[in-house]
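The structure appears below as structure tokens.
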Amino acid sequence: MNARERRVAFRSALAATADATVVAGRGHRLPEKATTPFVVSKDIETLASKHEGESLTRRAQKLLEALGLDAELARGAERKVRAGRGKRRGRRYRRPKSALVVLSEFNGSERAFRNLGGVEVTTAAQLNTEMLAPGGDPGRLMVISQPALKALEARL
């Protein structure tokens with residue numbers, strides 16, 4: 001693919017995450033009057049270091065529910081039986097893509113989010129067009145930390 005086309009595709013997919021109507025049109029369940037993408041403080045980066053007897057996944061789930069994304073988490077946990085012959089070939093269930101969590105670096109906090117259904121975790125350096133627009137449909141729900149936002153701005 002042409003490098004210029006790849007950059008334009010990445011930037012347009014990133015811009016689509018900022019439009020709440022496009023994100024909701026893709027099937028994501030947003031709270032009322034939500035602004036997208038969800039920018040959170042740098043405390044999400046240190047989620048693993050503040051481990052106080054509660055599981056990391058439970059803490060990540062509570063954090064996303066505090067943002068009002070509990071309906072989105074329920075949507076990502078649904079499994080549907082795939083149509084066609086793929087279900088006989090080891091791909092029986094299909095799970096919808098849920099929120100994309102973008103961190104500045106992997107430091108253990110990504111383990112908290114990866115067990116949630118449909119949620120993907122990446123860094124700002126590894127973010128690509130396929131993560132922002134899976135299946136070619138732009139407008140994925142994105143939760144990004146402030147340090148990752150600064151790193152993404154430097155990348156563009």
Side-chain angles (χ1 to χ4, degrees), residues 1-31 34 36-40 44-45 47-48 51 54-145 148-149 151-152 155-156:
M1 180 181 231
N2 191 339
R4 186 175 293 170
E5 290 178 20
R6 187 174 59 247
R7 280 191 297 253
V8 168
F10 178 76
R11 290 177 179 161
S12 64
L14 187 63
T17 62
D19 190 2
T21 57
V22 174
V23 173
R26 193 175 181 281
H28 294 290
R29 297 179 187 155
L30 300 173
T36 56
F38 288 93
V39 180
V40 294
I44 195 171
E45 305 265 343
L47 196 65
H51 189 58
E54 191 175 27
S55 73
L56 285 176
T57 305
R58 179 72 57 180
R59 295 192 69 202
Q61 184 177 5
K62 284 184 180 179
L63 181 114
L64 292 177
E65 286 174 354
L67 291 173
L69 298 177
D70 45 351
E72 179 65 22
L73 289 176
R75 176 185 164 268
E78 296 172 356
R79 289 189 328 175
K80 297 180 181 176
V81 177
R82 182 184 303 270
R85 293 188 176 177
K87 63 182 161 214
R88 291 189 283 185
R89 297 179 179 145
R91 300 179 300 271
R92 183 167 187 80
Y93 297 105
R94 185 190 163 281
R95 182 171 290 199
K97 298 278 186 182
S98 186
L100 175 66
V101 179
V102 182
L103 305 173
S104 63
E105 61 183 11
F106 288 141
N107 56 7
S109 296
E110 73 277 0
R111 293 182 298 135
F113 293 98
R114 68 181 176 200
N115 285 330
L116 296 173
V119 176
E120 287 186 35
V121 184
T122 187
T123 63
Q126 294 175 343
L127 188 65
N128 61 28
T129 309
E130 184 59 33
M131 290 178 184
L132 291 171
D137 297 327
R140 184 154 185 197
L141 178 63
M142 186 166 69
V143 178
I144 187 167
S145 68
L149 188 62
L152 190 60
R155 179 179 162 188
L156 295 178

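Just so it is clear, the model here is predicted, and its values are computed rather than measured.
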**Report entry** Distance-minimising heavy-atom pair for A34 and A20
**Finding:** O-CB, 4.0 Å
Query raised in the report: Checking R82 side chain against R91 main chain: does a donor-acceptor pair fall under 3.5 Å?
Result: yes
Query raised in the report: Side chains of R140 and L132: does their closest heavy-atom pair fall under 4.5 Å?
Result: no
Query raised in the report: What heavy-atom pair brings A133 and A13 nearest, and what distance separates the two atoms?
Result: CB-CB, 4.2 Å
Query raised in the report: Can you name the nearest heavy-atom pair linking S145 to S104, along with the distance?
Result: OG-N, 4.0 Å
**Report entry** Beyond-backbone contact of F38 with L69, side-chain heavy atoms, under 4.5 angstrom
**Finding:** yes
**Report entry** Heavy-atom side-chain contact between L152 and L14 under 4.5 Å
**Finding:** yes
**Report entry** Non-hydrogen atoms of N128 and M131 that approach each other most closely
**Finding:** OD1-N, 2.9 Å
Query raised in the report: With a 4.5 Å limit on heavy-atom distance, are the side chains of H28 and R75 in contact?
Result: yes
Query raised in the report: How far does CZ of R6 sit from OG1 of T129, to the nearest 0.5 angstrom?
Result: 8.5 Å
Query - Backbone N/O of L73 and side chain of S98: donor-acceptor pair under 3.5 Å - result: no
Report task. For R95 and G117, work out which heavy atoms get closest and say how close. Result -> NH1-CA, 3.3 Å
Query - Other residues, nucleotides, ligands: >12 heavy atoms within 6.0 Å of K87 NZ - result: yes
Query raised in the report: Could you give the distance from CZ (R59) to CD1 (I44), rounded to the nearest 0.5 Å?
Result: 11.0 Å
Report task. Check the pair V143, F113 against side-chain contact (heavy atoms from CB on, under 4.5 Å), reporting the backbone distance first and the verdict last. Result -> CA-CA 11 Å; V143 178; F113 293 98; over 6 Å; no
Query - Exceeds 12 heavy-atom contacts within 6.0 angstrom, atom CZ of R155 - result: yes
**Report entry** Minimal non-hydrogen separation, L103 against S109, with atom names
**Finding:** CD1-CB, 4.3 Å
Query - Separation of L67 CG from L30 CG (nearest 0.5 Å) - result: 11.5 Å
Query raised in the report: Do T36 and T17 have side-chain heavy atoms sitting under 4.5 Å apart?
Result: no
Requested in this report: Would you confirm whether E105, through its side chain, and A148, through its main-chain N or O, come within 3.5 Å as a donor-acceptor pair?
Outcome: no
Query raised in the report: Which value, rounded to the nearest 0.5 Å, describes the distance between L116 atom CG and E120 atom CD?
Result: 12.5 Å
Query raised in the report: Any side-chain heavy atom of V102 within less than 4.5 Å of one from L149?
Result: no
Query - Main-chain N/O of D70 paired to E72 side chain as donor or acceptor, under 3.5 Å - result: no
Query raised in the report: Donor-acceptor pair, E78 side chain versus P96 backbone, under 3.5 Å?
Result: no
Query raised in the report: When rounded to the nearest 0.5 angstrom, what distance separates OG in S55 from NZ in K62?
Result: 8.5 Å
Query - Short side-chain to backbone donor-acceptor contact, R26 and D137, under 3.5 Å - result: yes
Query raised in the report: Side chains of L100 and L127: does their closest heavy-atom pair fall under 4.5 Å?
Result: yes
Query raised in the report: Does atom CZ of R58 have more than 12 heavy-atom neighbours, drawn from other residues, nucleotides or ligands, at distances under 6.0 Å?
Result: no
Query raised in the report: Which distance, rounded to the nearest 0.5 Å, do you find between the CD of Q61 and the CD of E65?
Result: 4.5 Å
